[in-house]
Structures are given as structure tokens and as C-alpha cells.
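Right, one structure below, let's go through it.
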Amino acid sequence: MQPATPSAPLPALSTRSELVDTHCHLDMEDYSTDLADVLHSAAHHGVRRIVTIGIDLSSSEKAVSLAERSPNIFATVGIHPHDAHTATPGNLRRIADLAGHRLVVGYGEIGLDYVKNYAPREVQLRAFSEQLHLARELDLPVVIHDREAHEDVCRLIKQAGLPKGGVMHCFSGDRRLAETMIDSGFLISIPGVVTFANAHALQEVARTIDLQHLLLETDGPYLAPVPFRGKRNEPKLLLLTAQRIADLKMLSLDEVAQATTANAVRLFQLARDDHGPR
């Protein structure tokens, strides 16, 4: 994907506000040639903390390595439903070892995907259930991928019992599902899709769900917000998602930034400028 080059200034935060990109895949090839510039530009625009997401053993290792090298980057570890067949006992042990790192703040991206079905459903269900229980043992919040699998996702989360809760990443359900997950101790993460003209259900969720239950994410390099749809997404474009939510709620950009940042810090226990012991 081609990088997005703004032809007009992005929305601007005040100096007292910042944003947290709670879900970005910084290890992916799309950032390989200019990651330092991407991170510098994000910080310049007020996106000062980023959670980079593990989706298999290799990317989980890379996420931890990126967090070690870059202040204000944090990592999650886990095995995505597309790669559920790799959730072998040996790989899960290695993921669990990685999860003990001081900069690992969550377990995931894990879940179920009944749209692409890259792995058979029974394999996805087994891997998801095993990882939910592992996250509970590790005392980490979970990052959930859910595509057209709402009933099974809700059922397995309830069975697992997760005292740290988690986040419904790139939320694709309706208001009723959002409220169900909030009642289960989860936050709802809003991606750049909320800027798409046809994203009516997500816009209703963003408009009606209280800010105390919302997070923001890019899911970079995917799902760039309008007017950069189809281009590479990156953390600085989180400003466009935040501004759209502010418009839907008739709030200021700073109000959205301050509330969602507080939510991210609380869920993931994020420190700032501190890669020492945690």
C-alpha cells in the first residue's frame, strides 16, 4: 500500500492532549522502509503511545523487539484466528514466555473469523479457547478479533472468565453487541472505518456508547480513514478517526483524545517514556 500524503493539515490536538493507537501492526512489511519516519510523524501529531500487535509467534517476537527499541511502544502477543493451526502446545509455551516481558501489555490478537475462514472453525475455536484461558493465567487483558462470530466469541469469553477484561478490536457489531461486551468488562475499539460513508452501524456505536467505554485504533497498515481509504494507514491518521467521533458526539477533539487515552492507559497499564522495570 502507498503511504498516505495529506494534502491538507490533519486535525490538531491541544498541547495538553494526546492519542494512543491501541492497535497497529508496526512489524509489517508496509512500514519496513520508513518506520522511523512513521513514528516521528505520529509523535509530532500527538499520537505518543502505540500498541503493536502480535498475530503469530514471529510477529509477537517482533512486537516485543520493537517495544524494546522504541520508547512509548508497547506489545501484545498471541495467535490470530487466520493462523489458528499454529497454536500448538510448543508455540503457546513460547508465546507465554514472551508474555512475561515488561513491555507486553495484552494478549492478542486472538478470536474467530467466520468471514475468511482461513482455518477451519473447529481449529479456530480450540485455539481461541486455549488462548483465552492462557491470558487469564497470565493476568493480561485480551485483544479480540471477531468477524461474523459474535455468538461464539461472547460464549467463549464468558466461559473463560477474564478479570482483566479486554478490547473488541476493530469493532464490527451493532450497539446491542457493544453493550453486551461492555457488560462483560470490555472496551470497544473504533477504527478508521467510522469515517466511511456506509458505516452506519459503527457510527451509531461511536455516537451512542459513552466515551468511558471507547478506544481508538488504526489497525495499520489497514483501514485508512477517509480521505485516505485504500492507502497505507499509520498512527498519525488516528486524528481523523478521533475527529469523526468528536463530530458524531458533538464534542471537542481534545475531549475525545483525553477520555480514550485514559481508557487505554487504564486497560493496558501503559507507562510513558519508561522502558525500565514495570
Over all heavy atoms of both residues, which pair between [X] and [Y] is shortest? Give the atoms and the distance, please.
{"X": "L138", "Y": "A99", "result": "CD1-CB, 3.7 Å"}
{"X": "V20", "Y": "L238", "result": "O-CD2, 3.4 Å"}
{"X": "E109", "Y": "I55", "result": "OE1-CG2, 3.8 Å"}
{"X": "L215", "Y": "A264", "result": "CD2-N, 3.4 Å"}
{"X": "E234", "Y": "A4", "result": "OE2-O, 4.4 Å"}
{"X": "L214", "Y": "L187", "result": "N-CD2, 4.5 Å"}

Candidates D219, D34, D30 - the one meeting salt bridge (Lys or Arg N to Asp or Glu O under 4.0 Å) with R232
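Only one of D219, D34, D30 forms a salt bridge (Lys or Arg N to Asp or Glu O under 4.0 Å) with R232, namely D34.
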Atom [atom1] in [X], atom [atom2] in [Y]: separation rounded to 0.5 Å?
{"X": "E151", "Y": "D146", "atom1": "CD", "atom2": "CG", "result": "11.5 Å"}
{"X": "H40", "Y": "H45", "atom1": "NE2", "atom2": "NE2", "result": "9.5 Å"}
{"X": "Q243", "Y": "S252", "atom1": "CD", "atom2": "OG", "result": "9.0 Å"}
{"X": "Q269", "Y": "L140", "atom1": "CD", "atom2": "CG", "result": "11.0 Å"}
{"X": "E18", "Y": "R49", "atom1": "CD", "atom2": "CZ", "result": "4.0 Å"}
{"X": "L202", "Y": "D174", "atom1": "CG", "atom2": "CG", "result": "11.0 Å"}

Check: [X] side chain, [Y] main-chain N or O, donor-acceptor pair, under 3.5 Å:
{"X": "Q124", "Y": "L112", "answer": "no"}
{"X": "T208", "Y": "E204", "answer": "yes"}
{"X": "Q203", "Y": "L248", "answer": "no"}
{"X": "Q131", "Y": "G108", "answer": "no"}
{"X": "S60", "Y": "G78", "answer": "yes"}
{"X": "T52", "Y": "A75", "answer": "no"}

What's the verdict on salt bridge (charged side-chain N to carboxylate O under 4.0 Å, His left out) for R155 and D152, showing C-alpha distance, side-chain angles and the deciding distance?
CA-CA 5 Å; R155 174 176 58 83; D152 283 343; 3.2 Å; yes
A quick test of your reading: do over 12 heavy atoms of other residues, nucleotides or ligands sit less than 6.0 Å from [atom1] of [X]?
{"X": "R136", "atom1": "CZ", "answer": "yes"}
{"X": "E148", "atom1": "CD", "answer": "no"}
{"X": "R93", "atom1": "CZ", "answer": "no"}
{"X": "E122", "atom1": "CD", "answer": "yes"}
{"X": "K249", "atom1": "NZ", "answer": "yes"}

Validation row: [X], [Y] side chains within 4.5 angstrom (heavy atoms):
{"X": "L237", "Y": "L10", "result": "yes"}
{"X": "N91", "Y": "D56", "result": "no"}
{"X": "L57", "Y": "D83", "result": "no"}
{"X": "S14", "Y": "L253", "result": "no"}
{"X": "K236", "Y": "H44", "result": "no"}
{"X": "L132", "Y": "Q159", "result": "no"}
{"X": "P81", "Y": "F128", "result": "no"}
{"X": "T180", "Y": "F186", "result": "no"}

Please determine whether side-chain contact (heavy atoms from CB on, under 4.5 Å) holds for the pair S184 and K158, giving the CA-CA distance in whole Å, both sets of side-chain angles, and the decisive distance to 0.1 Å.
CA-CA 8 Å; S184 297; K158 184 176 181 179; 6.0 Å; no
Would [X] and [Y] show up in the same hydrophobic cluster when neighbours are defined by side-chain heavy atoms closer than 4.5 Å?
{"X": "V167", "Y": "L211", "result": "yes"}
{"X": "Y222", "Y": "V51", "result": "yes"}
{"X": "V226", "Y": "F228", "result": "yes"}
{"X": "I110", "Y": "V123", "result": "no"}

Distance-only side-chain donor-acceptor flag, [X] / [Y], under 3.5 Å:
{"X": "D21", "Y": "T218", "answer": "yes"}
{"X": "Q258", "Y": "S17", "answer": "yes"}
{"X": "T260", "Y": "N263", "answer": "no"}
{"X": "E29", "Y": "S32", "answer": "yes"}

Partners of D254 by salt bridge (Lys or Arg N to Asp or Glu O under 4.0 Å), sequence neighbours excluded?
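So D254 forms a salt bridge (Lys or Arg N to Asp or Glu O under 4.0 Å) with R16.
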Can you sort out the partners of E179 under salt bridge (Lys or Arg N to Asp or Glu O under 4.0 Å), two or more places apart, ordered by chain and number?
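E179 satisfies salt bridge (Lys or Arg N to Asp or Glu O under 4.0 Å) with R175 only.
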Does the pair M181 and I157 meet the rule for a side-chain contact (heavy atoms from CB on, under 4.5 Å), with working shown?
CA-CA 9 Å; M181 297 312 302; I157 284 173; 3.7 Å; yes
Given L267 and T22, is the side-chain contact (heavy atoms from CB on, under 4.5 Å) satisfied, shown in steps?
CA-CA 10 Å; L267 177 68; T22 63; over 6 Å; no
Quick one: ring pair (Phe, Tyr, Trp, His ring centres under 6.0 Å) partners of Y118, sequence neighbours excluded?
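With neighbours one apart ignored, the set is H82.
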Check against side-chain contact (heavy atoms from CB on, under 4.5 Å), R94 and E61:
CA-CA 10 Å; R94 293 173 69 184; E61 292 171 339; 3.4 Å; yes
Between D247 and R244, is there a salt bridge with N-O shorter than 4.0 Å?
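Salt bridge absent between R244 and D247.
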